[in-house]
Q: 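Here it is: the structure, laid out below.
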Amino acid sequence: MATTCLELDLPQPFDFKNLLQAHSWVDLLPNCYHAEEISFSRIEELSSAKVVELVIAAPDERVRVTIRHASRLSAGDLREVENRTRHMLRLDEDFTEFYRLCRRMGKPWSAMAPGKGRLLRSPGLFEDIVKVICTTNIQWGGTRRMVAEMVHAFGSPHPLDPELKAFPKPETIASLSLEDFQNQTRLGYRAPFIHQLAVDFYAGGDTFENLRDGGRTTSEIRKELLAIKGIGSYAAASVLMLLGRYDEIPVDSVFQQLMRAKYFKDNDFDLKKALAIYEEWGQWKYLAYWFDLLDYYQ
DNA sequence: TTCCAGGGGTAGA
DNA sequence: TCTACCCATGGA
């Protein structure tokens with residue numbers, strides 16, 4: 001076994017612990033949260049087909065990525081690990097304007113300004129879209145189970161610890177018949193959506209990479225997301241957040257519960273009035289809602 | 001047993 | 001654009 005370390009500068013301010021704890025992506029395989037060390041690990045399959053383990057921590061003002069690997073890593077492999085880490089931690093997103101708005105809005109949002117607001121995401125868009133589909137119409141325990149079943153059934157194993165596996169590649173799922181895919185996982189009616197997504201990603205991944213195009217409007221990208229089977233308004237808002245666009249609020253049972261508990265009495269919940277609560281946050285609505293939620297239930 | 005969960009697709013109005 | 005109905009699965 002060999003171990004290689006990478007260190008990356010963190011933009012300041014940056015709250016790494018909050019990035020891990022603020023939403024539950026760190027609880028979904030292949031991510032593994034290490035609460036005591038304030039770190040997480042995950043198995044990654046690189047473009048070179050090497051399967052490595054990344055352990056990511058931020059003990060000071062830098063990110064430390066410890067890579068456990070079986071064979072020698074090339075400069076290209078290391079560059080890929082760096083790029084994937086930067087994407088997961090959103091190191092290149094600018095939250096300056098959001099923090100300014102938080103300070104102006106007062107409590108509870110003023111507590112955001114010292115570096116909170118970054119929500120962990122996956123290195124690849126396929127993984128994030130599949131996981132969002134797995135959050136629909138099911139409790140969180142079911143989401144974890146479905147994601148774990150896909151990773152165990154179709155993920156590439158780490159050569160030094162075959163029980164640890166990467167998130168499945170689109171081509172692995174696309175190479176299976178829908179029937180075989182369904183028989184090896186319990187995804188319910190979501191199975192055809194995820195299988196088709198894998199087929200489409202494998203056939204034209206570049207089309208999906210266009211969703212990351214910063215030059216396009218959120219409504220353009222939202223329209224394309226809604227064209228994906230299995231993605232409705234809630235899931236589109238969630239994927240937009242994972243793309244770094246916070247304009248849309250994911251209206252689901254969690255949102256409605258918070259609204260009924262905090263802002264509406266008895267049965268006078270009104271969706272338009274509820275959405276209007278966050279209107280003044282403009283392009284930061286998702287984060288304003290999300291941290292309002294965390295503050296209320298903490 | 002029944003309800004429903006970090007909803008979405010479809011048909012029909 | 002809105003509504004009704006159906007959709008697998010499993011926890012409560």
Side-chain angles (χ1 to χ4, degrees), chain A residues 19-29 31 33 119-122 127-154 173 176-200 211 219 221-243 245-264 267 269-275 277-278 285-298:
Chain A
L19 178 144
L20 296 180
Q21 294 181 339
H23 86 149
S24 357
W25 242 222
V26 79
D27 290 329
L28 297 177
L29 287 179
N31 293 332
Y33 183 37
L119 303 176
L120 181 69
R121 57 184 174 183
S122 306
E127 180 179 336
D128 269 342
I129 297 179
V130 169
K131 285 179 171 175
V132 166
I133 290 175
C134 287
T135 66
T136 61
N137 198 23
I138 197 159
Q139 293 172 328
W140 184 249
T143 301
R144 293 186 63 176
R145 174 187 59 78
M146 291 191 290
V147 171
E149 285 182 2
M150 280 188 281
V151 169
H152 286 135
F154 309 118
I173 295 174
L176 299 164
S177 68
L178 173 58
E179 187 180 10
D180 286 343
F181 179 60
Q182 280 175 311
N183 288 340
Q184 295 184 64
T185 48
R186 293 170 294 168
L187 303 175
Y189 62 85
R190 304 166 194 83
F193 299 150
I194 292 172
H195 186 265
Q196 186 61 49
L197 185 72
V199 169
D200 292 343
L211 295 170
S219 86
I221 293 176
R222 180 175 184 272
K223 194 174 172 185
E224 289 185 21
L225 289 172
L226 290 174
I228 299 172
K229 299 295 184 193
I231 300 286
S233 56
Y234 151 81
S238 299
V239 176
L240 284 169
M241 176 277 283
L242 292 161
L243 288 165
R245 294 171 182 266
Y246 308 100
D247 317 48
E248 303 272 338
I249 287 177
V251 176
D252 56 6
S253 58
V254 172
F255 174 75
Q256 295 190 37
Q257 281 165 19
L258 175 69
M259 293 301 104
R260 290 179 201 280
K262 182 169 180 179
Y263 295 108
F264 294 87
N267 292 317
F269 172 76
D270 181 290
L271 180 58
K272 286 185 179 174
K273 289 179 184 172
L275 292 173
I277 291 169
Y278 302 100
K285 291 186 201 70
Y286 188 113
L287 290 179
Y289 152 61
W290 193 253
F291 284 88
D292 196 16
L293 174 77
L294 295 182
D295 177 72
Y296 186 80
Y297 290 113
Q298 86 178 170

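Worth saying up front: this structure is predicted, and the values here are computed from it rather than measured. Proteins get letters first, then strands, A, B, ... in listed order; numbering begins at 1 in each.
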Q: Could you tell me whether the side chain of H23(A) and the main chain of R121(A) form a donor-acceptor pair under 3.5 Å?
A: no

Q: dG7(B) phosphate, OP1 or OP2: any side-chain N/O from S253(A) under 4.0 angstrom?
A: yes

Q: Can you measure Q139(A) atom CD to dG6(B) atom C1' for me and round it to whole angstrom units?
A: 10 Å

Q: Are the charged groups of R222(A) and E248(A) less than 4.0 angstrom apart, N to O?
A: yes

Q: Restricting both atoms to N or O, compile the protein contacts to nucleotides 2-4 of chain C shorter than 3.5 Å, with distance only.
A:
none

Q: Does S177(A) reach the main-chain N or O of D180(A) with its side chain, forming a donor-acceptor pair under 3.5 Å?
A: yes

Q: Throw together a table of side-chain donor-acceptor distances under 3.5 angstrom for residues 185-194 of chain A, partners on residues two or more places apart or in other chains.
A:
| unit_1 | atom_1 | unit_2 | atom_2 | d |
| --- | --- | --- | --- | --- |
| T185(A) | OG1 | F181(A) | O | 2.9 |
| R186(A) | NE | E149(A) | OE2 | 2.8 |
| R186(A) | NH2 | E149(A) | OE2 | 2.4 |
| Y189(A) | OH | N137(A) | ND2 | 3.2 |
| R190(A) | NE | T136(A) | O | 3.2 |
| R190(A) | NH1 | L187(A) | O | 3.0 |
| R190(A) | NH2 | T136(A) | O | 3.0 |
| R190(A) | NH2 | N137(A) | O | 3.1 |

Q: Short of 4.0 Å, heavy atom to strand atom, which residues of residues 291-298 of chain A count as contacting DNA chain C?
A: none

Q: CD of Q184(A) to CZ of F154(A): how many Å apart, nearest 0.5 Å?
A: 4.0 Å

Q: Could you state the interatomic distance from CD1 (I221(A)) to CG (L226(A)), rounded to the nearest 0.5 Å?
A: 12.0 Å

Q: Taking only residues two or more places apart in sequence or in another chain, which ones pass ring-ring contact (aromatic ring centres under 6.0 Å, His included) with Y246(A)?
A: W284(A)

Q: Quick one: does K285(A)'s side chain have a donor or acceptor within less than 3.5 Å of a partner on L275(A)'s backbone?
A: no

Q: Mind telling me whether Y289(A) and Y286(A) have parallel, tilted or perpendicular rings, with 30° and 60° as the class edges?
A: perpendicular

Q: Looking at dA8(C), dT9(C), dG6(B), which one has an atom nearest to any side-chain atom of V254(A)?
A: dG6(B)

Q: Can any side-chain N or O of N183(A) pair as donor or acceptor with the backbone N or O of E179(A) at less than 3.5 Å?
A: yes

Q: Checking side chain to side chain contact (heavy atoms under 4.5 Å, CB included) between S122(A) and each of L242(A), L28(A), V130(A), D128(A), which is the one that passes?
A: D128(A)

Q: Let me have a per-nucleotide readout for nucleotides 8-13 of chain B, 5' to 3', with B, S or -, counting only protein heavy atoms under 4.0 Å.
A: SSS---

Q: Please work out which of the three classes, parallel, tilted or perpendicular, describes the rings of F264(A) and F269(A), given edges at 30° and 60°.
A: perpendicular

Q: Check whether any side-chain nitrogen or oxygen of R186(A) sits under 4.0 Å from OP1 or OP2 of dG10(C), and answer yes or no.
A: yes

Q: Any chance the side chains of D270(A) and Y263(A) put a donor and an acceptor closer than 3.5 Å?
A: no

Q: What is the distance, to the nearest angstrom, from the CG atom on L258(A) to the P atom on dG6(B)?
A: 14 Å

Q: Rounded to whole angstroms, how far apart are CG on L187(A) and P on dG10(C)?
A: 10 Å

Q: When you measure from every atom of DNA chain C, which of residues 142-152 of chain A have a heavy atom less than 4.0 Å away?
A: R145(A)

